[in-house]
Every structure is written in C-alpha cells, then in structure tokens.
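Residue numbering restarts at 1 for every chain, and letters A, B, ... go by the order of the sequence lines.
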2 protein chains.
Amino acid sequence: MSDNTAESTARERAPRRMRTDARRNVEALLEAAKTVFSAAGVDAPAKEITDLAGVGVGTLYRHFPQRSDLIKAVIEREIDACADAAPALAAAHEPGIALARWLDRFTAFVATKRGFAAALHSGDPAFDGLPGYLMQKLGPALESLLEAATASGEIQTRISAQDLLYAVAKLCAPMPNEDPDYGRRMVALLVDGLRSGESPH
Amino acid sequence: MSDNTAESTARERAPRRMRTDARRNVEALLEAAKTVFSAAGVDAPAKEITDLAGVGVGTLYRHFPQRSDLIKAVIEREIDACADAAPALAAAHEPGIALARWLDRFTAFVATKRGFAAALHSGDPAFDGLPGYLMQKLGPALESLLEAATASGEIQTRISAQDLLYAVAKLCAPMPNEDPDYGRRMVALLVDGLRSGESPH
DNA sequence: GCTTATCCGGAAAGCTTTTCCGTATAGTTA
DNA sequence: TAACTATACGGAAAAGCTTTCCGGATAAGC
C-alpha cells in the first residue's frame with residue numbers, strides 16, 4: 001500500500017482499474033436500464049436497453065453476465081440513493097418530521113419501482129441477497145431516525161427498524177387495481193401506532 | 001332450441017359441453033402445473049408440465065393460450081379452495097377461533113405459494129384481475145367470519161375485510177432469507193389490535 | 001357402424017437471452 | 001509520437017422457451 005491504490009488491503013486482487021470507456025458504458029447501461037425498466041417493466045427485452053445505451057449486446061453481457069445482475073445493480077443503486085437521503089433530512093428537520101419524510105421517501109421508492117417487488121417475489125435465487133442489502137443500507141439510516149425521534153419524545157419505539165422496514169416494503173408494494181393510497185394509509189396506521197398516546201379511536 | 005340443452009336460459013351460448021378427454025387433460029394439466037410450480041417455481045418450462053401431465057404442448061396451449069392463463073387458473077383454483085374452507089370452520093368452531101383458523105389457512109396459502117406473490121407483482125397485465133378475484137371470492141368469506149366474531153363480542157371491527165385481506169396477503173408474501181415467522185407475527189399484531197381491549201402493553 | 005365436430009401431438013416458427021470471437025481502442029512504455 | 005498489449009467492443013450465431021399450425025386421431029351423436 002504505497003500510494004495511489006487507496007484500498008489494496010487484501011480484499012480485492014483487482015489488478016488495475018477499469019478502462020474509462022468501460023466505465024462509461026456501465027454507467028450508460030445502468031441509466032438506460034433504469035429508464036426502460038420504468039417504462040416497460042423489468043421484463044423488457046435487453047435489446048431495448050442496449051439500443052438506448054448505444055452499445056452492443058456483447059457489452060451488456062460482459063458487464064452483467066446474467067440479466068438479473070443488471071436488475072440487481074439498478075435496484076441497489078436506488079437503495080443507495082434512498083439511504084443517502086437520510087442524513088440530509090435529519091439535518092434539516094425535527095426528528096419526528098425527518099422520520100416521516102424519510103418514510104415517505106422510502107414508500108415512494110417501493111411503490112414506484114415495480115421492479116423491486118417483482119424481483120423480491122420472483123423466486124429467482126439471484127435476488128436472494130436483496131433483502132440483506134436493503135437491511136444493511138437502510139437499517140442504520142432508519143434506526144438513527146427512529147432513535148432521534150424516540151429521544152425527543154415524539155414517538156415510542158414499539159417496533160424494530162427491521163420489522164418496520166420490511167412491513168413498509170411489503171405493504172407499499174403495488175398491487176394491480178389497488179387504491180393508490182392503500183400503502184400510505186397502512187403505513188400511517190403503523191406510525192400512528194408508534195405515537196405516544198392510545199390508538200386514535 | 002327444442003329440448004335437450006338443459007340450461008339454454010340465455011346465459012351461455014356454449015353449444016355443447018367439453019369432450020371428456022379434453023376435460024380430463026385440462027384437469028391433468030392443472031394438477032401437473034400445481035406440482036411443477038411448487039417444485040420449480042412458476043417460471044419452470046412448459047415442457048416439464050406437459051410431460052408430467054402426459055400430453056403434448058399443443059394441448060396445453062389450446063386450453064391455456066398464454067402461459068399466464070395456466071398460472072392464473074392454478075392460482076384461482078387455490079383461492080377457491082381457501083374460500084371453501086370458511087363455512088366448515090364457521091360451523092365447527094366459535095366465531096373467534098374460526099376467524100383465527102381461517103386467517104391461518106389464508107396466511108399459509110399466501111406464504112406457501114410463491115407463484116401468487118410473483119404473479120401479483122410481475123407487472124404483467126394478464127394478472128390484473130387476480131386481486132379482484134381474490135376479493136370477490138374471499139371477501140365475503142372473511143366478512144362473515146368477522147361479523148360473527150364481532151357479534152359475539154370477541155373482537156371490535158376496526159378494519160374492513162378488504163383492508164385486512166390485502167394487508168395479510170402482502171405481509172405474508174415470503175421474502176428471501178426472511179424469518180419464516182415474520183408474516184405470522186405481523187398478522188398476530190394486526191388481529192390483537194382488533195381485540196376489544198387496549199394494546200397488549 | 002358411420003359421420004363429423006372436436007381434440008391431440010409434436011414439428012416448426014418466433015423471440016429472448018447468452019455465448020463467442022475477430023476487431024478496435026485506451027493506456028503504457030520507449 | 002509511435003508501437004505494443006491488455007482490455008473492451010459489436011454483432012452474428014447458438015441455445016432455450018413460448019406460441020402457432022396442421023395432418024391425423026377420436027369421442028359423441030345418429
């Protein structure tokens with residue numbers, strides 16, 4: 001560990017870093033995939049994605065050997081974005097508000113990205129790591145928000161971050177022909193349950 | 001329209017009833033599909049199903065023009081079985097017990113049949129009718145159980161049959177690597193919330 | 001037993017994903 | 001700057017799955 005390779009700890013044998021064109025293509029693919037998945041669902045043909053990204057299919061499959069790898073990468077990237085939103089909210093609002101806002105943000109993610117629910121319930125072992133990733137990234141974020149709100153007396157913690165995270169993830173996953181407010185309503189019920197008083201008649 | 005067509009009321013123009021070999025094949029296909037879906041998931045190749053059923057692919061696709069039609073049929077059939085369980089439970093147990101037992105039955109269905117969650121969240125419009133079917137078949141069943149339990153004073157109805165049905169369906173949908181008791185625990189939380197008293201400390 | 005509407009099986013067509021490999025190029029060294 | 005090489009690219013071809021098609025079989029009615 002002399003100088004430039006900051007993280008040559010032992011973890012990764014990775015010899016050299018990626019060529020810049022390769023890096024650019026990966027980026028373009030992820031962006032294109034996000035767009036196409038939103039428009040046409042995660043089952044959209046790979047061709048559509050490569051065309052939009054302006055690369056050949058070979059390039060797609062070199063970086064993401066399985067179709068599921070691409071889906072996984074897109075989802076993980078959106079989970080990261082969700083986690084990154086927490087500190088800013090915590091800094092800008094009172095604990096109770098910050099918690100509510102962040103839950104809104106997370107709810108929107110789950111409700112909007114159909115691909116997430118589809119992947120989770122697909123049964124494909126390729127996605128088995130996703131709940132773990134979610135927990136690992138979002139668990140601490142939610143936990144710190146919960147703790148702050150508890151400390152300020154705005155809520156009583158009666159549920160673990162993990163249980164709450166999963167409950168929201170499941171309740172807000174969109175079902176066809178569903179009242180679009182169902183998820184939000186159920187989460188509100190849950191969160192109301194956390195406020196100090198009794199149940200709201 | 002002279003005599004023999006016993007039910008020429010106006011409802012159905014259906015000229016004659018299905019040939020017996022056709023009926024038998026449909027039955028065999030549904031049974032085989034149920035087995036294969038359980039073992040290998042709903043994405044298992046059609047060939048596996050037709051082989052197990054002992055028919056050609058042509059036969060499969062005549063009766064179920066789209067792959068999704070077969071999945072839909074298998075799921076609807078299991079929903080029916082769930083609905084049919086309600087009257088027997090209501091007759092055999094006190095209202096509160098009957099309700100709990102039926103929710104167990106429903107929970108087991110949702111938790112066990114991965115195909116159900118997969119279909120619901122797939123985004124494929126072919127499955128858009130499924131929540132409606134669920135509600136139509138299971139709504140009345142649950143509603144009568146809820147009413148009986150409310151009438152006998154065992155619970156206070158604070159949630160509609162529809163909301164409860166969907167909440168259970170969503171909370172119990174299995175996620176990979178999840179505590180296998182998570183769903184049951186969450187449903188217990190919900191049902192406890194319906195009992196007359198306050199929240200159980 | 002004969003007729004005919006209905007159904008069957010599996011070959012082939014149509015798509016999508018995934019592999020493969022000759023060609024192109026970024027990065028490096030002199 | 002020029003040459004060299006490891007790395008990456010593109011798209012044709014292979015592989016696998018779903019869906020269509022149709023000549024041949026057969027249950028149902030007379």
- [ ] Record whether the side chain of B/Arg19 comes under 3.5 Å of the base of D/dT26 through a donor-acceptor pair of N or O atoms.
- [x]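 Counting by modelled atom types and ignoring angles, a donor-acceptor contact under 3.5 Å is found here.
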Could you give the [atom1]-to-[atom2] distance, from [X] to [N], as a whole number of Å?
{"X": "A/Ile49", "N": "C/dC15", "atom1": "CD1", "atom2": "P", "result": "19 Å"}
{"X": "A/Gln66", "N": "C/dT19", "atom1": "CD", "atom2": "C1'", "result": "12 Å"}
{"X": "B/Arg62", "N": "C/dG10", "atom1": "CZ", "atom2": "C1'", "result": "12 Å"}
{"X": "A/Glu27", "N": "D/dA8", "atom1": "CD", "atom2": "C1'", "result": "17 Å"}
{"X": "A/Arg67", "N": "D/dC17", "atom1": "CZ", "atom2": "C1'", "result": "14 Å"}
{"X": "B/Asp21", "N": "D/dG29", "atom1": "CG", "atom2": "P", "result": "13 Å"}
{"X": "A/Tyr61", "N": "D/dA13", "atom1": "OH", "atom2": "P", "result": "18 Å"}
{"X": "B/Ile71", "N": "D/dT18", "atom1": "CD1", "atom2": "P", "result": "9 Å"}

Open item on the list: Is there a side-chain contact between A/Pro131 and A/Tyr166 in this structure, where contact means two heavy atoms from C-beta onward sitting under 4.5 Å apart?
Closed with: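 Result yes, sub-4.5 Å side-chain heavy-atom pair found.
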TODO: Taking the side chain as every heavy atom from C-beta outward, state whether B/Ile49 and B/Phe64 have any atom pair closer than 4.5 Å.
DONE: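 They are not in side-chain contact.
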Open item on the list: Is a donor from one side chain sitting under 3.5 angstrom from an acceptor on the other, for B/Tyr61 and B/Asp69?
Closed with: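 Judged by distance alone, the side chains do not pair up.
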- [ ] Would you tell me whether B/Ser152 and B/Glu154 have side-chain atoms, one donor and one acceptor, within less than 3.5 Å of each other?
- [x]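 B/Ser152 vs B/Glu154: donor-acceptor pair found between side chains.
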Task: B/Thr20 or B/Gly58, whichever maps to the more 5' nucleotide of DNA chain D - done: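 Result: B/Gly58.
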Task: Earlier contact from the 5' end, DNA chain D, for B/Pro65 and B/Arg24 - done: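 Looking at the nearest nucleotide for each, B/Pro65 comes out on the 5' side.
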- [ ] List for me each residue that meets salt bridge (Lys or Arg N to Asp or Glu O under 4.0 Å) alongside B/Arg184, sequence neighbours excluded, and say none if there are none.
- [x]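 Testing B/Arg184 for salt bridge (Lys or Arg N to Asp or Glu O under 4.0 Å), a comparison that skips the adjacent residues, returns B/Asp104.
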Open item on the list: Once you measure the plane-to-plane angle for B/Phe109 and B/Phe116, does it fall in the parallel (<30°), tilted (30-60°) or perpendicular (>60°) bin?
Closed with: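 Judged by the thresholds at 30° and 60°, the geometry between B/Phe109 and B/Phe116 is tilted.
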TODO: Report the distance from atom CG of A/Leu103 to atom CG of A/Leu142, rounding to the nearest 0.5 Å.
DONE: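 Answer rounded to 0.5 Å: 6.0 Å.
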- [ ] Please state whether the phosphate of C/dC8, meaning OP1 or OP2, lies under 4.0 angstrom from any side-chain nitrogen or oxygen of B/Asn25.
- [x]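 It does, given that an N or O in the side chain of B/Asn25 lies less than 4.0 Å from OP1 or OP2 of C/dC8.
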Open item on the list: Measuring to OP1 and OP2 of C/dC7, would you say a side-chain N or O of B/His63 lies under 4.0 angstrom away?
Closed with: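 No, because none of the side-chain N or O atoms of B/His63 sits under 4.0 Å from OP1 or OP2 of C/dC7.
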- [ ] Mind grabbing the angle between the end helix axes of the helix from C/dG1-D/dC30 to C/dA30-D/dT1? Five pairs an end, 10° rounding.
- [x]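 It works out to 10° between the end axes.
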Task: Selection from D/dC9, C/dA11, C/dC8 that lies nearest to any side-chain heavy atom of B/Thr59 - done: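 The nucleotide sitting nearest to the side chain is C/dC8.
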Task: Residue B/Ala22, side-chain heavy atoms: nucleotide from C/dC8, D/dG10, D/dT18 that is nearest - done: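 Nearest nucleotide to the side chain: C/dC8.
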